[in-house]
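Here the structure comes first, spelled out in structure tokens, and everything after it is commentary.
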Protein chains: 2
Amino acid sequence: MGISKCEQCAIRQCNALKSLKSYALVGLSGCKTSLSFKKGDVLFQEGDNINGVFCIKQGACKLTKLSSNGKDQIVRLANAGELLGQRSLISNEPANLTAIAVNNMRVCFLPKQEIENGFTSDIDFSVDLLKSLAQELKLADNVIVDMAQKSVKKRLAETLLYINVNFGVDADGLLNIVLTRDDYANIVGTATESAIRILSQFKKEGLISAHGKKIKIENIEGLKCVE
Amino acid sequence: MGISKCEQCAIRQCNALKSLKSYALVGLSGCKTSLSFKKGDVLFQEGDNINGVFCIKQGACKLTKLSSNGKDQIVRLANAGELLGQRSLISNEPANLTAIAVNNMRVCFLPKQEIENGFTSDIDFSVDLLKSLAQELKLADNVIVDMAQKSVKKRLAETLLYINVNFGVDADGLLNIVLTRDDYANIVGTATESAIRILSQFKKEGLISAHGKKIKIENIEGLKCVE
DNA sequence: ACATAGGTATGATTTTGGTCATATTTAAAT
DNA sequence: ATTTAAATATGACCAAAATCATACCTATGT
């Protein structure tokens with residue numbers, strides 16, 4: 001059971017839970033589970049009946065799906081503040097994606113029943129859920145277009161820029177999210193060797209620098225111009 | 001103004017409007033606009049403030065997005081019964097996609113205000129909207145994986161199978177949706193010549209037959225096995 | 001019926017990206 | 001600290017798909 005209380009948790013301001021009335025939050029506090037995951041841990045798997053949502057308090061994860069060719073595609077990255085499993089809860093279906101921690105995470109699990117109470121009683125909450133799904137859908141549609149129309153090199157450049165904007169950099173300017181070359185390949189949908197090759201090229205061109213897995217963007221404008 | 005009444009319209013059973021209470025339907029009837037579009041007509045464009053939703057009574061359309069390389073990607077096809085513009089309405093944003101009729105269409109336009117009244121008063125309506133967005137999101141995620149991981153040939157085979165299942169065939173077994181080779185290319189995200197070449201190959205292999213633009217699937221199992 | 005534009009078809013060639021092979025480096029486990 | 005596995009790097013080669021070129025259909029309007 002949770003130590004902290006949902007009413008006092010700042011992270012809920014980042015997602016639809018911000019619209020829950022205080023009595024609903026008290027209900028949540030009483031039945032939530034605080035979990036922690038280490039890098040590489042699986043939060044849930046494609047096909048799991050998750051029966052609730054996960055609120056990311058700290059850390060980030062990748063949402064992947066296994067393709068029929070045996071490769072895992074990373075469909076998107078989720079950051080602290082995001083709610084996972086909304087879609088499955090709403091559709092009343094098993095998870096369509098697998099969630100894997102990309103660094104150490106603290107997560108609250110909120111059981112389905114409690115959330116459902118929220119959205120029959122709180123119209124603002126369902127409106128917020130609608131908005132967040134609508135946003136996810138828009139982003140997904142845009143990814144479809146990028147996948148279909150842009151080169152691997154451009155997709156990889158845009159991925160670096162995306163991570164820079166959405167996850168930021170540390171004191172040394174290194175991207176806060178640390179991914180393997182294989183992860184990068186699975187985001188842009190290419191072979192691992194191709195991702196490695198292109199990142200090496202970006203390094204030679206001075207667009208990025210790499211210290212092991214840690215990447216620093218050296219030339220944002222240059223990356224934006226990659227075709 | 002509409003001739004028929006929303007209360008008596010069967011097509012709304014196919015989408016979230018089925019959950020509107022009868023008084024809300026009467027309100028809609030009073031302010032809806034019945035439109036018709038011919039093949040190739042634009043219902044709305046990416047960037048338009050559509051200020052309402054479109055309910056497709058008859059016909060089908062393609063939802064496209066212009067990529068930075070100047071090509072139009074077909075993100076999905078929408079059939080009779082579907083509601084267009086839900087996402088924009090919810091996000092309160094301009095349309096992210098362009099809708100173009102692929103055959104003759106009859107469509108009702110339902111203004112935003114009226115729909116919004118529906119979802120503050122009718123919890124079932126917002127739940128249904130949530131479910132339909134959730135479904136769209138799941139499909140979009142699956143398309144991302146397919147785009148990233150499958151060959152052009154496989155994507156084209158799956159597109160034919162998708163159209164077969166979702167739009168059906170006429171008395172002669174020809175697919176009900178008639179698309180140009182260019183449209184097929186823009187669905188799977190390839191060059192027009194590549195789409196033409198692969199369809200020719202499918203013809204030679206006896207998987208399909210083509211009578212001008214009209215396509216008939218001759219060997220469903222064969223198409224399913226295309227890699 | 002004829003002209004015309006848009007769509008289909010196919011060949012030749014180039015480019016992009018995938019696969020296979022093999023080092024080398026880095027990180028994790030004992 | 002040493003071993004081991006995993007991740008990175010790079011070359012060589014191959015396959016898939018894009019591009020360029022050209023020709024031929026087939027609807028459409030005049």
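Per chain, numbering begins at 1; letters A, B, ... match sequence-line order.
Comparing the helix axis at one end of the helix from dA1(C)-dT30(D) to dT30(C)-dA1(D) with that at the other, each defined from 5 consecutive pairs, gives an inter-axis angle of 50° (nearest 10°).
The only option from Asp182(B), Asp41(B), Asp183(B) that meets the salt bridge (charged side-chain N to carboxylate O under 4.0 Å, His left out) definition with Lys62(B) turns out to be Asp183(B). For the side chain to side chain contact (heavy atoms under 4.5 Å, CB included) criterion with Leu160(A), the lone passing option out of Leu175(A), Val165(A), Val226(A) is Leu175(A).
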**Item:** Candidate pair Glu93(A) and Lys138(B), rule salt bridge (Lys or Arg N to Asp or Glu O under 4.0 Å), full reasoning
**Value:** CA-CA 10 Å; Glu93(A) 286 175 351; Lys138(B) 177 178 161 184; 3.0 Å; yes
**Evaluation steps, salt bridge (Lys or Arg N to Asp or Glu O under 4.0 Å), between Glu158(A) and Lys150(A)** = CA-CA 10 Å; Glu158(A) 290 187 346; Lys150(A) 293 178 179 170; 3.1 Å; yes
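No donor-acceptor distance shorter than 3.5 angstrom exists from the side chain of Asn164(A) to the backbone of Gly168(A), with no hydrogens or angles considered. In terms of modelled atom types and a separation under 3.5 Å, the side chain of Asp48(A) and the main chain of Gln45(A) share a donor-acceptor contact.
Sorted by first and then second residue, the side chain to side chain donor-acceptor pair (under 3.5 Å) pairs with a member in residues 69-78 of chain B read Asp141(A)-Arg76(B), Gln149(A)-Asn69(B), Gln149(A)-Gln73(B), Ser67(B)-Asn69(B), Arg76(B)-Glu136(B); sequence neighbours excluded. Listed by first and then second residue, the side chain to side chain donor-acceptor pair (under 3.5 Å) pairs that reach into residues 94-106 of chain A are Lys65(A)-Asn96(A), Asn96(A)-Asn142(B), sequence neighbours excluded.
The heavy-atom pair separating Leu156(B) from Ala195(B) by the smallest distance is CD2-O, 3.8 Å.
The neighbour count for Lys112(A) NZ, taken as heavy atoms of other residues, nucleotides or ligands under 6.0 Å away, is above 12.
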**Message:** Generate the contact string for nucleotides 16-26 of chain D. Rules: B means base contact, S means sugar-phosphate contact only, - means no protein heavy atom under 4.0 Å.
**Reply:** -SSBB------
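When only modelled atom types and interatomic distance are considered, Ser91(A) and Arg87(A) share a side-chain donor-acceptor pair under 3.5 Å.
A heavy-atom distance below 4.0 Å to DNA chain C is reached by these residues of residues 202-211 of chain B, ordered by number: Lys203(B).
When DNA chain C is scanned in the 5' to 3' direction for atoms under 4.0 Å from non-hydrogen atoms of chain B, the outermost contacting nucleotides are dG7(C) to dA12(C).
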